[in-house]
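Remarks on the structure that follows.
Values below: all heavy atoms of this structure, side chains included; hydrogens, waters and symmetry mates excluded. Note that the structure is a prediction, hence the values are computed from the model and not measured. In what follows, every chain begins at residue 1, and chains take the letters A, B, ... in the order their sequences are listed.
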Amino acid sequence: MHIQNVTDFNLKYTLESGQSFRWNRVDDAYYGVVEGRILKICQQGTTLQVESSTDEDVSTLAAYLHHYLDLGRDMPRLLAAVDNDAYIHRAIEKFWGMRILNQALWETLASFILSQNNNVPRIRGIIRRLSEHFGEKLTLERYVDYSFPSAHALAASQVDELLACGTGYRASYLRDAAQAVVSGELAFTQLKQFPYLEAKRELMQRKGIGEKVADCICLFSLGHLEALPIDVWIKRIFETLYLRRQATHREIREFAQNYFGESVGYAQQYLFHYAHEEPNWADV
DNA sequence: TTCCAGGAGAGAG
DNA sequence: CTCTCTCATGGA
């Protein structure tokens, strides 16, 4: 299957910018497990070549990817709106076409609970082991992977099993969240209808979901581009480049949301990825 | 050996 | 309200 005329889009930057933990590059193709199937995506200019492990309808798959990859976004307009200074201008130039994904809610919620006080390679490993243990085996050609564990599967798990996957002290947070989803205490249909601040407040009711993780879920799954996850990198970036002093999370949030406006989450993603990829990011 | 990683909870003040 | 300590894990 092909998707044509995809402009202002970069698959590599989108899938390798720390918002999803489930994509692997093999040569020039990306394999990932998305909502119960393996997808293989290859970008050639403005064309995406896509294969799926299921025989789903072509137009259904195209519509899904349009949403998942945020292809309907007017990137030139959005990026122009946050292109306020030389710092972010460099990031926008270097990573032009990077999108913020619209990922599955349960997977995003669970994954970012696991992300706290942790690093990306280890988060990926934990999720891979959880999927191997609790998910379903999937194959696409010779590529084998496992679906993300359902909330039901994790709600019924033993803490020992979660610990064996490397979750550490986050095991109980993960299980509690799974049980809240299964019981209906955490209602996804309602959560998806909430505006940003209400969704964030509701998410933060869960143990293991603080302000930063809630913002990641709002931004990477619920489509709230005004969400601003403040981790050590974002804090360092704003203190160094913009405020030029030590600042609290609240000061950073207030400045950034005022300075970048309603798409501050996108601005954050470009600054975050630029700092990760460019060791000399702090130099003017 | 110590430090760090897309942090958050609990307790003290 | 803010500050500090601790939490499990593995790679640098």
Side-chain angles (χ1 to χ4, degrees), chain A residues 13-23 91 95 98-103 105 107-130 132-133 154 157-178 180 186 200-222 224-241 246-254 256 264-279 281-282:
Chain A
Y13 300 154
T14 301
L15 299 182
E16 294 186 6
S17 57
Q19 46 181 323
S20 174
F21 305 104
R22 294 285 274 166
W23 288 94
F95 295 112
M98 178 170 63
R99 309 278 176 136
I100 287 179
L101 298 169
N102 293 111
Q103 304 181 70
L105 183 50
E107 176 172 340
T108 308
L109 190 157
S111 296
F112 280 93
I113 282 178
L114 297 171
S115 77
Q116 69 156 282
N117 200 21
N118 213 339
N119 59 63
V120 171
R122 237 179 66 78
I123 298 164
R124 291 171 60 90
I126 294 168
I127 292 172
R128 182 176 49 74
R129 289 186 291 276
L130 284 172
E132 286 170 359
H133 194 285
L154 293 187
S157 69
Q158 302 296 317
V159 176
D160 288 354
E161 298 177 282
L162 300 181
L163 288 175
C165 295
T167 56
Y169 68 91
R170 312 163 192 84
S172 61
Y173 299 154
L174 183 60
R175 222 169 71 93
D176 288 350
L186 187 55
K200 181 173 171 179
R201 191 185 313 130
E202 179 64 24
L203 287 164
M204 288 176 68
Q205 298 299 111
R206 293 289 116 213
K207 281 198 177 180
I209 301 183
E211 183 163 35
K212 190 269 177 182
V213 168
D215 270 325
C216 283
I217 299 165
C218 285
L219 183 59
F220 300 139
S221 178
L222 293 174
H224 297 305
L225 302 188
E226 66 268 50
L228 175 65
I230 303 178
D231 70 329
V232 291
W233 286 86
I234 291 299
K235 182 167 165 26
R236 210 175 299 152
I237 288 165
F238 276 92
E239 286 180 337
T240 305
L241 299 181
Q246 290 197 339
T248 64
H249 285 204
R250 205 173 72 180
E251 290 171 325
I252 292 168
R253 179 178 304 283
E254 188 174 351
V264 62
Y266 252 103
Q268 169 274 154
Q269 193 64 13
Y270 276 78
L271 291 170
F272 175 88
H273 196 47
Y274 186 86
H276 268 75
E277 296 297 308
E278 175 53 64
W281 62 270

Nearest whole Å is fine: how far is B/dC4 C1' from A/Ile123 CD1? 13 Å
Nearest-nucleotide check on DNA chain B, A/Arg236 vs A/Ala214; residue mapping nearer the 5' end is A/Arg236
Ion pair A/Glu254/A/Arg250, N-O distance below 4.0 Å: no
Report yes if some heavy atom in the side chain of A/Ile100 is under 4.5 Å from a heavy atom in the side chain of A/Phe220; otherwise report no. yes
Residues forming a salt bridge (Lys or Arg N to Asp or Glu O under 4.0 Å) with A/Arg124, sequence neighbours excluded: none
Distance check, rounded to the nearest 0.5 Å: A/Leu105 atom CG versus A/Cys218 atom SG? 9.5 Å
On a heavy-atom basis, the closest approach of A/Ser111 and A/Ile123 is O-CG2, 4.3 Å
Could you run down the sub-3.5 Å N/O contacts of the protein with nucleotides 8-12 of chain C?
{"unit_1": "C/dA8", "atom_1": "O4'", "unit_2": "A/Tyr169", "atom_2": "N", "d": "2.9"}
{"unit_1": "C/dA8", "atom_1": "N6", "unit_2": "A/Asn117", "atom_2": "ND2", "d": "3.0"}
{"unit_1": "C/dA8", "atom_1": "N1", "unit_2": "A/Asn117", "atom_2": "ND2", "d": "3.4"}
{"unit_1": "C/dT9", "atom_1": "O2", "unit_2": "A/Arg122", "atom_2": "NE", "d": "3.1"}

Show every side chain to side chain donor-acceptor pair (under 3.5 Å) that has at least one partner inside residues 211-221 of chain A, sequence neighbours left out. A/Tyr196-A/Asp215, A/Lys200-A/Glu211, A/Lys200-A/Asp215, A/Glu211-A/Arg253, A/Asp215-A/Arg253
Whole Å only: how far is the CD1 atom of A/Ile126 from the P atom of B/dG6? 12 Å
Hey, what are the protein-to-nucleotides 9-13 of chain B N/O distances that come in under 3.5 Å?
{"unit_1": "B/dG9", "atom_1": "OP1", "unit_2": "A/Gly208", "atom_2": "N", "d": "3.1"}
{"unit_1": "B/dA10", "atom_1": "OP1", "unit_2": "A/Lys207", "atom_2": "NZ", "d": "3.0"}

Taking the P atom of each, how far is B/dC3 from C/dC5, in whole Å? 14 Å
Could you check how far CZ of A/Phe220 sits from C1' of B/dG6, rounded to whole Å? 8 Å
Can you tell me how far C1' in C/dT2 sits from the matching atom in B/dG6, rounded to whole Å? 24 Å
Provide the full list of side chain to side chain donor-acceptor pair (under 3.5 Å) pairs with a residue in residues 164-175 of chain A, sequence neighbours left out, each pair given once. A/Gln116-A/Tyr169
Figure out the CD/P separation between A/Glu277 and B/dG6, and round it to whole Å. 12 Å
B/dG6 base stacked by A/Phe272? Criteria: ring centres under 5.5 Å, plane angle under 30°. yes
Rounding to an integer number of Å, can you tell me how far A/Leu114 CG sits from C/dC7 P? 19 Å
Within the 4.5 Å heavy-atom criterion, are A/Leu271 and A/Phe238 side-chain neighbours or not? yes
Once you round it to whole Å, what is the distance between C1' of C/dC1 and CD of A/Glu251? 15 Å
Whole angstrom is fine here: how far is it from CZ in A/Arg250 over to P in C/dC3? 11 Å
Report the distance from atom CD1 of A/Ile113 to atom P of B/dG6, rounded to the nearest whole Å. 18 Å
Under 4.0 Å, counting only non-hydrogen atoms across every strand here, what does A/Phe21 touch: a base, just sugar-phosphate, or nothing? nothing
Scan residues 224-235 of chain A for pairs that pass salt bridge (charged side-chain N to carboxylate O under 4.0 Å, His left out), counting only residues two or more places apart or in two chains. A/Lys235-A/Glu239
Please work out if A/Ser17 contacts a base, only the sugar-phosphate, or nothing of the nucleic acid, heavy-atom cut-off 4.0 Å. base
